[in-house]
Amino acid sequence: MATSFPDLIQPRLEAALQATSIGSELPEGFSPAVDPAQNKQFGDYQTNAAMVLAKRVKKNPRELAAEIVEAFDGEGLTEKPEIAGPGFINFRLQTDVLEQRVSDLLADSERHGVDAVADPQTVVIDFSAPNVAKPMHVGHIRSTIIGDSLARIARFMGHQVITDNHIGDWGTQFGMILHGWKNELDQAALEADPVPELLRVYKTVNQMCKDDPELKETCKAELVALQAGDEENLEIWKKCVDLSKQGLQKIYDKLDVEFDHWLGESYYNDALEPLVKSLVEKGIAKESEGAMAVFFPDHEKLADQPPAIIQKSDGGFLYATTDLATIDHRVNEFGANSIWYVVGAPQQLHFDQVFEAARMMGHDAALEFVPFGSILGKDRKMYRTRSGDTVQLDDVLVESVSRAKKIIEEKNPELPEEEKAEISTAIGIGAVKYAELSQYRMTDYIFDWDTMLALKGNTAPYLINAYVRTRAIFRKMGSDFAEAEQISLTADAEKALALKLAQYAETVPNILSDFRPNTLATYIYELATDYHKFWEACPVLKSEGATKETRLALCELTGRVLQHALGLLGIKTVEKM
RNA sequence: GCGCUCGUAGCUCAGCUGGAUAGAGCAACGGACUUCUAAUCCGUAGGUCCCGUGUUCGAAUCACGGCGAGCGUGCCA
């Protein structure tokens, strides 16, 4: 397994540091950072170690850099390093090292140079989590797509990943749904397409409740009956949940998203009362204004915030209670070392409180809140339809695929219908996902069809097109890539592409450090760009000998990495477009 | 009031642990197709990184204080 270039340079740099005049006074545990050069003119990699150290030992950074360069052994790895600017040390890889790396990558069609983590964790990822009896709207896009991508990446990195769809299948909305089911339901519509009918019923009752306080009480009574175990209501509830799950599954199928578990809120019903009891016994929770609450007097931030309420004065439980019971289950039954919550940023306080309460209960699993910003319309307000409704996720997907189809009809009308359908699905769904994942998750996202489905720039169609072009070469050639006996990098575009391919190994392991799939998106875009440049500058099939073998190898590797990296984002590639 | 997040080109956004002249795309303008898919590439233009102070050899990045926007703030999730 090949090691990334920074990991190869770093130990040699450390050895060089030891050999300098300050070798004996290096700070404990100091490890010099080796980063890709920002600008090609500076070489391939750089370190600022001389400047960092010069500060601590009060030496001139450039003089120290000179010592380091003198002591640095680049044998079989880099050219002699150069000093630049205030004391940067720039490294340039030897061409034959890069050539060897291309060969190594050709042999590594599973991992593409990326090492798995040394300490695999059992990670539960909590994402999507829609409410039952309400279709998913655009607000669920981010959680679903980001969560799925993180799951794919974590699995590839060697973690034991468990995905859990914590659906909202138990809550106050069921009061209205029960009443609606009994009084407003259109049986024929339900049989034809259950989910929209459930939504219609819910909306109708919700609207009626707004100006009818009496009805509101009726609904509440239905809810209480349900919670008390009323048989009729339980049966209706169960039916609603089943129908909704079927509807949700259709969307997940379109998105190619899978869950290992669907443990919704109702799954934890029986655990809530004992949990509260135990928290009270341990002195973690106490009675306050008629409710049971957890206070955080010793916590710097939470001390000034309201407490977390885990049982209402009427005896009912809240989502903080359920979330704590869920942590118990995930730790005790799934053996989770780590739980990631991909949930909107407004819930920051809630998770701060739940995590702190879990810590007080004795849990030491790493609990990570992975927040994201809102989806806005062009007017910078919550994205809604013209009539003011929330936009349904399925409508977005349908629209995106149909727009992609239209473009294919224009560009490539001679393709068979079946292929057109497959391509427009891949591009349409891919465009929605990529628009989401290419942006830093905390940035409020402005939903715009034209940006999302644009053919140029940092978009899914551009990236998929780069992949298609790698395949076009082999299709034209009439056979798949066989093997390359001799790799010989000469053109600048070849070297730049080879280096970028090698840097996949540096990019992927970093994504999870701050849960930023967008750093992978940036990499894919740069790779596609480097490939397109190579494509313009370096004819493949017309070249000969080692040059042809090398270029075919670069096409093959680019295709593999593009496909794999897009796969980590949950985006499919196609062979033609 | 308190807390969280954000503020970078006309527009949409990158820029993670401080590093060299702040980068892309879109839109604008100018070029390149008897060619392996032009769904591409090359070039031009575009900036008080919200403001101020501080730490540092070095700040879009860190600290503090402002300004502006969004969200959350005891019994919805």
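Chain letters run A, B, ... following the sequence lines, proteins first and then strands; every chain starts at 1.
For A:Glu67 and A:Lys59, the salt-bridge test passes: some basic side-chain N is under 4.0 Å from an acidic carboxylate O.
Checked by atom type, the side-chain pair A:Tyr268/A:Thr321 shows no donor-acceptor distance below 3.5 Å. The closest side-chain donor-acceptor pair between A:Tyr523 and A:Glu506, if any, does not fall under 3.5 angstrom. Judged by distance alone, the side chains of A:Ser4 and A:Asp7 do bring a donor and an acceptor atom under 3.5 Å apart.
Taking a 4.0 Å limit (strictly below) on heavy-atom distances, residues 307-315 of chain A reaches RNA chain B at A:Pro307, A:Ile309, A:Lys312, A:Ser313.
Within 4.0 Å (heavy atoms only), A:Glu300 reaches no atom of the nucleic acid at all. Nucleic acid contact class of A:Glu526 (heavy atoms, under 4.0 Å, all strands): none.
Stacking annotation: A:Phe42 is stacked on the base of B:A20 (ring centroids less than 5.5 angstrom apart, interplanar angle below 30 degrees).
With B:C76, B:A77, B:U40 as the candidates, the nucleotide lying closest to the side chain of A:His532 is B:U40. When distances are taken from the side chain of A:Pro539 to each of B:G72, B:A39, B:C36, the shortest belongs to B:C36. Ranking B:C75, B:U37, B:U73 by closeness to the A:Leu318 side chain, first place goes to B:C75. Nearest to the side chain of A:Tyr462, among B:C71, B:A39, B:C41, sits B:C41.
With a 4.5 Å cut-off on side-chain heavy atoms, A:Arg441 and A:Glu436 do not count as touching.
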### Query
How would nucleotides 4-16 of chain B be written as a contact map, 5' to 3', with B for base contact, S for sugar-phosphate-only contact and - for no contact, using protein heavy atoms under 4.0 Å?
SS------SSSS-
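Residue A:Lys533 places at least one side-chain N or O closer than 4.0 Å to OP1 or OP2 of B:C42. Under 4.0 angstrom from either OP1 or OP2 of B:G3 there lies no side-chain N or O belonging to A:Gln305.
Here B:C4 sits opposite B:G70 as a Watson-Crick or G-U wobble pair (both hydrogen-bonding atom distances under 3.5 Å). When Watson-Crick and G-U wobble pairs are counted only if both distances are under 3.5 Å, B:C29 pairs with B:G43.
Legend: residues meeting ring-ring contact (aromatic ring centres under 6.0 Å, His included) with A:Phe372, ordered by chain and number and at least two apart, are absent.
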Each nucleotide N or O in nucleotides 22-24 of chain B that has a protein N or O under 3.5 Å away: list the pair and distance.
from, atom 1, to, atom 2, distance (Å)
B:A24, O2', A:Tyr525, OH, 3.4

Strictly under 3.5 Å: I want the nitrogen or oxygen pairs between protein and nucleotides 62-65 of chain B, one per line.
none

Could you go over nucleotides 56-60 of chain B and give all protein N or O partners under 3.5 Å, atom names and distances?
from, atom 1, to, atom 2, distance (Å)
B:G58, O6, A:Lys55, NZ, 2.7

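A cation-pi arrangement is present between A:Lys286 and A:Phe295, with the terminal nitrogen or guanidinium carbon under 6.0 Å from the aromatic centre and inside a 45° cone about the axis.
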### Message
Does A:Lys406 form a salt bridge (Lys or Arg N to Asp or Glu O under 4.0 Å) with A:Glu410? I'd like the steps, not just the answer.
### Response
CA-CA 7 Å; A:Lys406 222 166 145 189; A:Glu410 281 170 26; over 6 Å; no
